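Note that the numbering runs from 1 along the sequence shown for the chain. Bear in mind the structure is a predicted one, so any value in this text is a computation, not a measurement.
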Amino acid sequence: DDDDRPDSDDRKLTNYPGITTGARSSLGVFTQTNPSAVVRDVSSFDVREVFQPASATYGGVNINDYSVWDLSLAAAGAHPDPNAIYFVLTSSEVNETTGFLTRYCGWHSYGTTNSGVDIKVGFIGNPNRLLAACNVNAPGVSPNGNPGVDAMASVIAHELEETVTDPLLNAWYSRWGYETGDLCAWTFGGSQKRIVNGGTKTTGAYYNVTLPSHDGDRRKYLLQRALAPNSKCYVNATGQVQ
């Protein structure tokens, strides 16, 4: 599986240049190793939320990768969608014991159901109890006044993009095993802005994209970049490529 966690040197808000792969690049040439591994499919759902109520089963206790798989299977139901992505998002009191906040901020993988369907799964936890592990804004500061959830948004973007380009862990990755998000992980482009008049909870927070929300508002996020087809790191949510 793939994980996502910033190194200590990456937790700073500076302007990062794009990176270009090529014959002299230390990144290696980014190629499709299996021509049949990535195809464009359309799922029967755009986004569907399944809530697990707080209970003694999950609330405030430890889970592991098998728990993530079980929750994904429960959400998939009797007819799992092979073109869907099943992400498990947890609240901050839930710990993923295989390395959340110490080895990773999130991960994606896949598995085969009893009916023989390959489904794509992933884990993204709320890092609120140890924000420094997965958050790059200043402590207690975030674009939407919720540092843990805002940090999750960046990890979701990273793992979603990698799940699309490397769904079965056999498609798009470099010669060293880095996926498209890994090659640009924890970089945020040269067009970052700061929220200077957003209230005490958001003043000073950095962001690099603005996205529409379900309530008609347009919210700001700080999302780490991914590798574009032209071998440049990019964030492209509003038409401007960084």
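Other residues, nucleotides and ligands place more than 12 heavy atoms under 6.0 Å from the CZ atom of Phe87.
For Leu222 against Phe188, the heavy-atom pair with the smallest separation is CG-CD2, 3.6 Å. Considering all non-hydrogen atoms of both residues, Leu89 and Met152 come closest at CB-CE, 3.9 Å. Considering every non-hydrogen atom in both Pro147 and Gly140, the closest pair reads CG-C, 3.8 Å. Of all heavy-atom pairs between Arg103 and Thr98, the closest is NH1-O, 2.6 Å. When all heavy atoms of Asn137 and Gly204 are compared, the pair lying nearest together is OD1-O, 4.4 Å. In terms of heavy atoms, Leu169 sits closest to Glu179 at CD2-OE2, 4.0 Å.
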Could you pull out every donor-acceptor pair under 3.5 Å between side chains of residues 119-128 and any protein atom, sequence neighbours left out?
unit_1 : atom_1 : unit_2 : atom_2 : d
Lys120 : NZ     : Pro82  : O      : 2.5
Asn126 : OD1    : Asn128 : N      : 2.9

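Below 30°, between 30° and 60°, or above 60°: for Trp107 and Tyr104 the angle between ring planes is above 60°, a perpendicular geometry.
In this structure a side-chain-to-backbone donor-acceptor pair under 3.5 Å is missing from Thr163 to Pro167. Between the side chain of Asp166 and the main chain of Asn170, a donor-acceptor pair closer than 3.5 Å is present. Not a single donor-acceptor pair under 3.5 Å links the side chain of Gln192 to the backbone N or O of Asn208. Within the 3.5 Å criterion, the main-chain N or O of Cys184 finds a donor-acceptor partner in the side chain of Thr187. A donor-acceptor contact shorter than 3.5 Å is absent between the side chain of Glu96 and the backbone of Asn62.
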- Please step through side-chain contact (heavy atoms from CB on, under 4.5 Å) for the pair Leu101 and Cys134, ending with a clear verdict. CA-CA 7 Å; Leu101 301 179; Cys134 303; 3.7 Å; yes

- Task: List the steps, then state whether side-chain contact (heavy atoms from CB on, under 4.5 Å) holds for Asn95 with Ile63.
- Result: CA-CA 6 Å; Asn95 182 40; Ile63 64 172; over 6 Å; no

- Message: side-chain contact (heavy atoms from CB on, under 4.5 Å), that's the test. Do Val117 and Thr112 meet it? Break it down for me.
- Response: CA-CA 5 Å; Val117 176; Thr112 304; over 6 Å; no

- Message: As a quick check of understanding, evaluate side-chain contact (heavy atoms from CB on, under 4.5 Å) for Ile195 and Val141, giving each step before the final call.
- Response: CA-CA 10 Å; Ile195 303 172; Val141 172; over 6 Å; no

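The salt bridge (charged side-chain N to carboxylate O under 4.0 Å, His left out) check on Arg129 picks up nothing, with sequence neighbours excluded. Every side-chain contact (heavy atoms from CB on, under 4.5 Å) that Tyr221 has, sequence neighbours left out, goes to Asn144, Asp150, Ala153, Val209, Leu211, Arg219, Leu223.
Side-chain contact between Ile85 and Leu160 is present, with at least one heavy-atom pair separated by less than 4.5 Å. Side chains of Val88 and Ser72 form a contact here, defined as non-hydrogen atoms less than 4.5 Å apart. Side chains of Asp81 and Tyr86 form a contact here, defined as non-hydrogen atoms less than 4.5 Å apart.
One finds the CG atom of Leu168 at 9.5 Å from the OG atom of Ser109 (value rounded to the nearest 0.5 Å).
There is a side-chain donor-acceptor pair under 3.5 Å between Ser67 and Asn64.
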